There are 2 protein chains.
Amino acid sequence: MKLETVTLKDIAKALNLSTSTVSRALRDSYEINENTKKKVAEYAKKVRYVPNPIALSLKDNKTKAIGVIVPEIANNFFSQAINGIEDEAYSRGYHVVICQSHESLEREKENFRHLFARKVDGVLISLSGTSKDINHILEYSENDFSVVFFDRVPENESFHKVVANNVAGAFNATEYLIKQGKKRIAHITSPQSLSISQERLEGYRKALETHGIVFDESLVKYCGFDPEEAFLAIDNLIDSQNPDAFFICSDRLALNCYEVLQKRYENKINDMMFFGFTNLNVSHLFRPQLSTVVQPAYEMGMQAAKILLDKLESKKKNQEYEKIVLETYLKIS
Amino acid sequence: MKLETVTLKDIAKALNLSTSTVSRALRDSYEINENTKKKVAEYAKKVRYVPNPIALSLKDNKTKAIGVIVPEIANNFFSQAINGIEDEAYSRGYHVVICQSHESLEREKENFRHLFARKVDGVLISLSGTSKDINHILEYSENDFSVVFFDRVPENESFHKVVANNVAGAFNATEYLIKQGKKRIAHITSPQSLSISQERLEGYRKALETHGIVFDESLVKYCGFDPEEAFLAIDNLIDSQNPDAFFICSDRLALNCYEVLQKRYENKINDMMFFGFTNLNVSHLFRPQLSTVVQPAYEMGMQAAKILLDKLESKKKNQEYEKIVLETYLKIS
DNA sequence: AAGTTCTTTGGAAACGATTGCATAAATTAT
DNA sequence: ATAATTTATGCAATCGTTTCCAAAGAACTT
């Protein structure tokens, strides 16, 4: 059983030393004789000693693990963000526990409880679509538990945040459509409570304004997470508002929208244009064509992880809260 | 600081008992007086006592965590499989640590080392595309560390495995194309070392055979993980082999293939048909149309997790290795 | 009434590592 | 040569929990 995990005690016994000496030798303490150090190091290597992270965790109440809560893994934006988080975390010796809220506040609370009970050192989170407040998070963060938000963030000032420049992204997308001669641009978006919805709407409005188009509320549809609801909204919109373009603010809604189009409007949509706000890596293969505002998902994840880990590893209580805003780019199809 | 974690010792002190009594009371031991139990339970609830999982882990050398190694998260098949794994694991009180091999054997080895060092109780893995043998895994599994494979599995008999019925899926897809009148069906697939490649090729051949079409090796292309290589192979194939349909065995290759088609063959492809072996949830939106063999990814993940957890939780060393084969279905676009 | 059993509780070791403190031996200073 | 200092090591507590063992007191037996 060469895999039996060997402990300090085993090494101590084998070398006729005490565990404290072995421990210090391995950490290269100045108190230990060079010869002893060498002997210990050699033997430890030979038997492939690996410190037991659990014992360490118990000792200093740190797990070297961080939690991540996202609405869904099966979403390109989030899986790319997670890649960024993992790369940063692993390279710094942390591991990552991923949870999905499935857009449910209840699940999000549960995830938090779970991660906290598991004693992760901190949490990265992108809020669920039904989380209207963050009391469930304040409860933890106010007691010195580190939380960093990314993508979908709360208004509360007292948090670190990493977001895309949603206003600019939405502005650029809308402007592009306008420049293509579109006048009645429908805007399909997520629940109003989400920061991303508000900011993207703002970009959309600004672009209209800049180009002298009157904002028409009836072209805007907020959709929850029930597909049928989205289908109906989109259907109504096409029937009654006669849009010539769509600016759709999530993967999910873009797909809902295409679903409707394919089933019911094959004939009408020839000169409609579609813009999304997605990280679908296959959007260029869609017909009708779907251009999208692409967010630097990987980068966002990495930055968020970096902020969290920096915070965890700095002694001083850094009271300044960073908000990092990353630029998006347009991918025209 | 209402969040300060409370320990058994705190409860003991507050109630003037010993920690052992408190511990036993909470676990409802027969030795403890009913009144004492009640008092302890009440107080524990009041102060929201949650046992420290790290202390437990240290004690019984179990972390209630399982590791998952997949090539990529940002792939619908795997993220769906992970959903299945997580649902099963969380519902049984385990958490999940996810690692990505990025199709690299080296990374896969590292992932394994990492998970083992972190003392996860077992591992679920889908092999990387460059893992030609599994010595790096045998080393662990031979020493009583539980490993369950899913999707991309080794030949080795002494493992639990959960796979899709790749042969049947490939057969059905190919047969469908044949029935649509296709005669020269190209087959683009992953490295030959992978179980999925071999099995899907087998299904493809069988279908041809069944329908009296001679298998033509030059219609088959194995592609590694370099996109340029894939582009070239597909390009050559179209130029020199005049295929009238494609059966493409992965998300990645399907995308590579479409890349080539869009850039260079817009005119030629009108009557070509395309079949994939993917869990892309948007394949019906592609043009040219992409039908696909859909695997029960969620179910596969769940079953794999179930087998692993059952194994972890059963005392007896179950020497029979299960191989579960789940059926696929065709999604025609 | 003395011994036996049952009920209920506490003490202490264990899991694996770190670390403050004590101490023995070796070296240096006076 | 003796005291002071340095060098090198070990002991024991700690983190939070479980569990084996001991034990005190109550209740029972004969």
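Here the structure is a predicted model, which means the values were calculated and not measured. Letters A, B, ... mirror the listed sequences (proteins, then strands); counts begin at 1.
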task: Verify the ring-centre separation between B/His102 and B/Phe225: is it less than 6.0 angstrom?
output: no

Salt bridge flag under 4.0 Å for residues A/Lys37 and A/Asp28: yes

message: As a test of reading the structure: which of C/dT19, D/dT17, C/dG16 is closest to the side chain of A/Ser20, going by heavy atoms?
response: C/dT19

Phosphate contact (C/dT9 OP1 or OP2) by B/Thr36 side-chain N/O below 4.0 Å: yes

field: Any A/Thr21 side-chain nitrogen or oxygen under 4.0 Å from OP1 or OP2 of D/dG10
entry: yes

- prompt: Hey, does the side chain of B/Arg27 come within less than 4.0 Å of D/dT18's phosphate (OP1/OP2), counting only N and O?
  reply: yes

query: To 10°, what angle do the rotation axes through the five end pairs on each side of the helix from C/dA1-D/dT30 to C/dT30-D/dA1 form?
result: 70°

task: Answer yes or no: does a side-chain N or O of B/Lys37 lie under 4.0 Å from OP1 or OP2 of C/dT8?
output: no

- prompt: How many angstroms lie between atom CZ of B/Phe145 and atom CG of B/Leu115, to the nearest 0.5 angstrom?
  reply: 7.0 Å

- line: The nucleotide from C/dC21, C/dT9, C/dT18 with an atom nearest the side chain of A/Ser23 is C/dT18

message: Quick check on D/dC15: is either OP1 or OP2 less than 4.0 Å from any side-chain nitrogen or oxygen of B/Lys9?
response: yes

field: B/Ser131 versus B/Leu105, closest heavy-atom pair with distance
entry: OG-CD1, 3.6 Å

- prompt: Taking the side chain of A/Ser18 as heavy atoms from C-beta outward, which of D/dT17, C/dG16, D/dG10 is closest to it?
  reply: D/dG10

query: In terms of side-chain heavy atoms of A/Thr7, which of C/dC15, C/dA17, C/dG10 is nearest?
result: C/dA17

query: Which residue, B/Leu56 or B/Arg24, contacts DNA chain D at a nucleotide closer to its 5' end, judged by nearest heavy atom?
result: B/Leu56

- prompt: OP1, OP2 of D/dA8 versus side-chain N and O of A/Asn33: anything below 4.0 Å?
  reply: yes

field: Contact under 4.0 Å: A/Tyr49 side-chain N or O vs C/dA17 OP1/OP2
entry: yes

